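Scroll down for the structure; my scribbles are underneath it.
What you are looking at is a predicted structure, and each value in this text was computed from that prediction instead of being measured. Proteins get letters first, then strands, A, B, ... in listed order; numbering begins at 1 in each.
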Amino acid sequence: MIATHYIYWLIIVLMMSGLYIVLSHGHLLKKLIGLNVFQAAVFLLYVSFGKVAGGTAPIVAPGIETYSHPLPAVLVLTAIVVGMATTSLGLALAVRIFREYGTLEEDEAIVAEASEHTAA
Amino acid sequence: MTAPSLVGSAGGVLVLVGALVTLSGGVGLLRMPDFYSRVHAAGLTDTAGVGLIALGLILRAPDWGVVVRLLFILLFLLLTSPTATHALAQAARRDGVRVWTDGEPRR
Amino acid sequence: MTSEIELISLVLFAILVVTAIGITRLRGLYGAVMLAALFSLVIACLFVVLDAVDVAFTEAAVGAGISTVLMLTVLALTRAREAVTPRRRLWPAGIGSVLTGGLLIYGSQDLPAFGARDSPVQRHPITEAYLLESQNDIGVPNTVTSVLASYRGYDTFGELAVIFTAGTAVLLLLSYVPRHDPDFERRKLLLADYRILRVVSKILFPFIFLFALYVQFHGDYGPGGGFQAGVIFASGFVLYGLVFGIDNARRVVPRWLLRVLISSGLLLYGGVGLTSMLLGGTFLDYDALSPSHPVMGQHVGILLVELGVGITVAGVMTAIFFVFADRRVLQ
Amino acid sequence: MLLVAAMIGILTTMVLALVRALLGPTLYDRILAVNMFGTKTVIFVALIGFVMGRPQFLDIALFYALVNFVGTVAVLKLSHYRELDAVRSEEDVR
């Protein structure tokens with residue numbers, strides 16, 4: 001079990017450190033970084049399913065027999081660029097939040113919003 | 001790679017020497033007392049190490065395509081690496097990062 | 001040889017975990033962003049070790065390149081330090097992550113052994129189709145490219161539409177007229193004052209764009225393709241904007257051009273699909289492009305589709321950077 | 001074998017650079033460390049191509065060199081927008 005599965009476990013540890021960053025920090029930018037860490041670990045997990053022991057990258061060349069699976073690579077490749085696009089959307093929202101409330105701390109922003117409501 | 005096997009192992013030795021130079025840069029980056037001396041360690045060994053390793057790999061390259069790519073990497077790093085460290089040191093000086101003098105505690 | 005690779009990947013994993021811990025502990029956000037860039041570089045190395053070279057290419061471009069630059073621009077607009085996280089947040093977060101991780105590890109026991117040849121992924125008939133039959137049907141050595149652009153072309157079209165939408169949304173969110181900020185000029189550091197940096201960047205630009213073209217059109221034979229090339233193009237413009245200022249970069253790539261680029265890439269992709277329908281095939285069936293010589297049709301189709309991807313990705317990334325970097329400090 | 005030994009050397013350097021990036025103390029130390037780390041990844045990718053017998057993948061290494069430069073220039077430029085105390089206050093860690 002350990003010899004064959006420890007790579008997955010390491011990836012899960014990474015994933016959880018990303019989750020921890022997202023949950024524990026109140027700063028929105030830090031949350032986005034944590035989300036990126038989590039996301040990268042998920043990508044690693046996907047790619048690790050495609051790897052074959054003794055295989056090589058799935059670019060066909062003469063004299064090579066075993067290749068790793070190309071499909072996880074394709075899925076992850078597009079996912080990375082999409083993830084980047086969504087991250088930049090999150091960053092844009094963060095900039096707007098900062099403009100509105102003057103802070104990127106979640107707690108302070110919630111307080112600011114609440115006081116806005118009572119004022120109105 | 002029959003007679004070139006000698007060339008190949010020479011390449012391997014060059015790569016290894018390059019890695020050792022790089023390693024010394026890493027030690028310098030960690031152990032030097034202030035930012036400016038660390039720039040010195042990182043900048044010098046980056047250039048030397050990359051040069052040696054790229055040359056060594058060129059000796060082991062299976063075809064010309066690989067040689068050309070390695071030459072491009074070498075050219076690129078030789079241009080950018082010193083530029084980056086130079087600009088870094090300049091920016092640090094502008095910002096007033098202080099120079100360490102003998103006897104102060106290490107930072 | 002495999003045991004050495006295993007050792008190397010273990011070291012890389014250790015570096016990753018330490019970096020992640022460092023990210024949580026640093027309160028200076030510039031430092032945290034630097035560590036995130038480092039994290040992404042190591043992840044990219046691991047992708048190379050795991051045989052996903054195209055992915056490594058993209059991850060380096062996106063994670064260590066554009067993403068870092070965008071985070072830094074946002075930091076430049078807001079506060080650079082984080083408040084102390086209250087202790088009441090730490091415990092639930094820690095317990096939650098440990099529990100989730102434990103469950104996932106428990107669940108991972110059902111996974112096939114790492115690198116096994118007889119795992120369901122590898123035994124599935126599609127593996128054979130992608131690796132062997134694609135050489136006759138499509139004739140592109142890089143199977144990642146043929147799966148991306150041909151077998152799963154519909155999927156990639158959807159992804160490109162997502163990127164288009166996200167880019168449009170960012171432009172909508174941030175393209176209000178900036179307030180006048182008298183401090184802006186003072187705060188702005190013109191890197192053009194660094195003479196060496198300016199000269200070296202000038203030398204580099206042609207190489208960057210040449211390299212982007214190479215990656216775009218060599219994607220059939222080696223790692224590369226539209227996604228990667230698009231990001232490389234964008235990083236060329238980003239470098240220009242950083243060194244010579246956004247206003248000058250806007251002169252090189254004006255707003256209208258970016259809008260045209262963003263939409264024309266997606267239109268090109270969809271247009272190839274429609275053309276193949278008009279020629280009697282199904283949507284994105286490149287065989288229809290050249291009925292007498294289907295492999296030729298596949299080549300043309302993949303080339304055009306990848307070009308569409310490259311144009312849109314380059315446009316979106318450049319536009320996003322410009323719109324972020326154009327902000328004045330908001331306070 | 002020589003190449004594998006060289007890779008171990010590079011990995012060790014990576015670890016050292018990581019420690020410097022974690023320790024700081026100024027932002028510039030971190031930038032320098034990450035920049036050096038980037039150069040090491042270029043070498044790492046180039047070497048692993050040779051070790052695994054597919055040296056054609058050097059394109060990636062070439063690209064890393066480019067990204068590294070753009071990234072360093074970006075931090076240099078953008079860290080200047082802020083008041084300088086943002087740079088100095090990197091020093092304390094929770």
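Ranking Gly224(C), Pro223(C), Gly241(C) against chain D, the residue ahead of the rest is Pro223(C), based on heavy-atom pairs under 4.5 Å. No other option in Asp59(D), Leu66(D), Ile8(D), Leu62(D) has as many heavy-atom pairs under 4.5 Å with chain C as Asp59(D). Contact tally against chain C (heavy-atom pairs below 4.5 Å) for Asp29(D), Val15(D), Leu11(D), Asn68(D): the top residue is Leu11(D). When Gly65(C), Ser235(C), Ala60(C), Ala64(C) are compared by the number of non-hydrogen pairs under 4.5 Å with chain D, Ala60(C) comes out ahead.
At a 4.5 Å heavy-atom cutoff, the contact between Leu12(C) and chain D is made by side-chain atoms alone. Of the atoms belonging to Val238(C), it is side-chain heavy atoms, and not backbone ones, that fall under 4.5 Å from chain D. Residue contact with chain D, scored on non-hydrogen atoms closer than 4.5 Å, involves the backbone and the side chain of Phe57(C) alike. With a 4.5 Å cut-off on non-hydrogen atoms, Thr73(C) touches chain D through its backbone and its side chain both.
Of all heavy-atom pairs spanning Val67(D) and Ala61(C), the tightest one is CG2-CA, 4.3 Å.
Surrounding OH of Tyr221(C) are at most 12 heavy atoms belonging to other residues, nucleotides or ligands under 6.0 Å away. Atom CZ of Phe217(C) has more than 12 neighbouring heavy atoms from other residues, nucleotides or ligands inside a 6.0 Å radius.
Inter-residue side-chain proximity for Phe63(D) and Val215(C) is flagged as unmet; no heavy-atom pair is nearer than 4.5 Å. Considering only heavy atoms from C-beta on, Ile8(C) comes within 4.5 Å of Phe44(D) through its side chain. Using a 4.5 Å heavy-atom cutoff, the side chains of Phe69(D) and Ile208(C) are not in contact. Between Leu22(D) and Thr19(C) the shortest side-chain heavy-atom distance does not fall below 4.5 Å.
Atom OG1 of residue Thr72(D) and atom CE of residue Met34(C) lie 6.5 Å apart, to the nearest 0.5 angstrom.
Contact residues of residues 37-54 of chain C toward chain D are Leu38(C), Leu41(C), Val42(C), Ala44(C), Cys45(C), Val48(C), Val49(C), Asp51(C), Val53(C) (heavy-atom distance under 4.5 Å).
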